[in-house]
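Just so it is clear, the values below take in all heavy atoms, side chains as well, and ignore hydrogens, waters and symmetry mates. Order of appearance sets the numbers: ligands from 1, and atoms from 1 within every ligand.
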Amino acid sequence: MDSTAGWMGTILRVDLSRKTFTETATRDYAERFIGGRGIAAKVYWDEVSPDVGAFDPENPLILMTGPLCGTGAVGGSRWVVAGKSPLMHPDQYGMTNLGGTMGPAIKAAGYDGMVITGRSDTPACLVVDEGRVTFDDAGPLWGLETQVALQRLKGRYGKTSQSLTIGPAGENLVRLAVAVGEQGASCGSGFGAVMGSKNLKAVVVRGSGRVRIAHPNDLKDVNARIRSLIGEKFLSDPNIEGIELVRRASCSGCPAGCPRGLYKHDTGTEEYLKNCQSTYVYYTWDRLFYNGEPTTNPFLVTSLCNRLGLCTQEMSNIFRLLNLCREEGVDLGGFDVSRMGSLDFAENLLRSMSSRTGFGNILARGTIRAAQALGPDAEALLERFVTPSGFHAHEYSPRYFVTNGVFYATEATSPLNHLHEIIFPLMKWVMWYATDGTMNPFSTDVMRAMARRFWGIPDAADFTSYVGKGPVAKLIQDRNFAKENLVVCDFLYPMLIALGAEDFLGEPDLESRLLSAVTGTDVSEAAYYRTGERVFNLQRAIQGCEGRCGRKDDVLNEVNFTEGLEVDEGFFGIWNPDFMVPGPGGEIVSRKGAVVDREQFTRMMDDYYSARGWDVVSGLQKRDTLIDLDLGDIVSDLETRGLVCKE
Ligand code: SF4
């Protein structure tokens, strides 16, 4: 790989305790791990001992871009944040990705990424300006909400600066605190609290550096092909009452036409939204409280979460826990949830959580730890909606979509990208089915053709069968890990179906072509997926060292095996109340009342471990598989810990 194209060349290493910094060469990592998620995982493996706590100074906050970032590749400006997550249960390796404009700005400031360790003795801003690193006083910013802090930072460092900051939640070590960038892009996993633990109010970058592109004309061609395949805007705008679009706000240089934008409420409050879960964090409870009458409150609640620096994804789980406790009569120590759904309830709750006062101090621990603090009755409710590590487990239920069972069982960090590879095309199919083909052309035949092209077999689009799904799940995981190594947008890639194509099918080699054009090294589709497989295995090794050991921990929540699928409150429930899916041979069948079949799930997992080259009985990685994946350097450590199978 040409070690200069696609990269600025160095990763910044910062020690906040000593206020010192060093640099390492990006090329030391890029060939095996590409960038983003891959490089972050390797840094973590090399440098973080399993017994380091999320709030320990030794826990690194890793900010990492990919080779496409800053090159104008469509959907290529995203970047990742990684480290030990205080939100996951227990504290363990976590990772998330963000859009907006910060990723390209990190590169323009002179670096491909940053690894920030230590703890400043006073509130600090880490400033990287044209490659110069300073540690500025953040005392006057401490306590400010994120929007205000971002404005002040803009005033202090100029219009061309970009910042990542935290709100009161991060400062107060609320475990679900997020780091918030400009354009409202924020991330889960509690890294806002990690910043707070380091007394790091903000990371500010500014610069005029440019990323070298090895073959600019090839990049132009691939970009043009991607735009022509997209065809038109591919997601609808947020469906929230009483807001108007101020302007579209694509991630840096992305012309893809997704609904990302700045929206304004009647009160004058402005917020960046896209059409995803973050926008709808309070939607269900608002509808319930006001008997289905739409209000503008969901917008205000999303905005308040962002301003206080609270994770909307985790807040969804918190609201669900409170609602279940209400339904089941679980004692909340006098805390009144009867007004859940109203604006005043949400405001009081969010403010008490971010300041860690009263009952909010319990919820500030995140859903799992809060339920544990509330006692066994509350804890027993968890398995209905969160995975053992704390990710939501109900929205894309394996009872509905069989393949998802593998993702939920084997991925402790958020498996959302993998789930999306099943869900996004199925959403399109549901619209086709629910409207007799008038809303889009993504018929069952298109789904089966897509399954053959992307998942290897047309019967991968039989959503009722377990046969062959283990290897399909592996392929999807590898592709989605590769995607986050690169780092490209989850809305766009893989482009499974495409309105702009004659047969409505997308193309699986777009990402590897982008990578080849930017770096100048020919990377085949298979070689690109192989990097995903390598990083998936590296993450598995990290998780093993942190206590998640093979098959015994690859579990689904018991409710999947025992309680039939009845009501879906989300998108699918609205459009598809009978849970219709393409079944055997393309026949359309209902999954209503379905449970996961325990024996067939076990066989699917056997197939999955075989496809991965892992030991089927223990689910442990095999030495030869790791060596084949060019991960020989992690084998001896795993062997010492008894985490690798020799045969
Ligand atoms: S499609 Fe939307 S979310 Fe994805 S990179 Fe483009 S602007 Fe950002």
Side-chain angles (χ1 to χ4, degrees), residues 35-37 64-81 96-107 162 164 178-188 211 219 222-239 245-263 271-280 302 306 312-313 414 416-421 423-425 427-428 479-480 482-500 506-507 510-511 513-515 518:
R37 182 172 201 158
M64 196 62 219
T65 67
L68 304 188
C69 194
T71 66
V74 174
S77 63
R78 298 188 70 89
W79 57 290
V80 307
V81 182
T96 184
N97 93 44
L98 293 83
T101 44
M102 181 81 180
I106 292 173
K107 277 190 166 171
Q162 290 283 318
L164 183 76
V178 289
V180 178
E182 295 180 26
Q183 291 202 358
S186 62
C187 60
V211 186
L219 178 61
V222 192
N223 274 345
R225 180 67 187 148
I226 292 166
R227 282 194 212 102
S228 75
L229 285 170
I230 292 169
E232 60 179 47
K233 189 150 89 64
F234 59 97
L235 279 171
S236 52
D237 288 339
N239 176 27
L245 178 68
V246 178
R247 64 170 184 276
R248 293 272 169 228
S250 298
C251 303
S252 210
C254 181
C258 87
R260 216 167 191 282
L262 179 66
Y263 289 82
E271 191 55 64
Y272 288 94
L273 296 182
K274 51 186 178 171
N275 201 357
C276 77
Q277 177 276 333
S278 60
T279 304
Y280 297 107
T302 293
N306 291 344
T312 50
Q313 183 170 289
S414 162
L416 205 53
N417 284 353
H418 323 167
L419 297 169
H420 281 165
E421 187 165 330
I423 300 309
F424 282 170
M427 278 181 175
K428 301 276 188 196
R479 179 156 46 221
N480 282 282
K483 178 167 91 180
E484 289 197 294
N485 295 343
L486 199 49
V487 184
V488 287
C489 178
D490 184 42
F491 281 170
L492 283 173
Y493 303 101
M495 197 178 294
L496 303 163
I497 48 181
L499 264 183
E507 295 173 6
L510 297 171
E511 299 92 313
R513 289 175 61 198
L514 286 172
L515 178 59
V518 167

Do the side-chain N and O atoms of T101 and E182 include a donor-acceptor pair separated by under 3.5 angstrom?
no
With a 4.5 Å cut-off on side-chain heavy atoms, are I230 and L492 touching?
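Contact flag for L492/I230 side chains = yes.
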So K483 and D490, do their side chains get closer than 4.5 Å, heavy atoms only?
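In short, these two side chains touch, coming nearer than 4.5 Å.
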For [X], the ligand 1 atoms whose distance to one of its heavy atoms is below 4.0 Å:
X: C489; answer: 1 (S), 3 (S), 4 (Fe), 5 (S)
X: R78; answer: 3 (S)
X: S250; answer: 7 (S)
X: G75; answer: 5 (S)

Y263/T302 under side-chain contact (heavy atoms from CB on, under 4.5 Å): CA gap, chis, key distance, verdict
CA-CA 12 Å; Y263 289 82; T302 293; over 6 Å; no
Interatomic spacing from CG in L219 to CG in L515 - rounded to 0.5 Å
11.0 Å
Judged on heavy-atom distance to atom 8 (Fe) of ligand 1, which of G261, C251, A73 sits nearest?
C251
So is G99 in contact with ligand 1, going by heavy-atom distances below 4.0 Å?
no
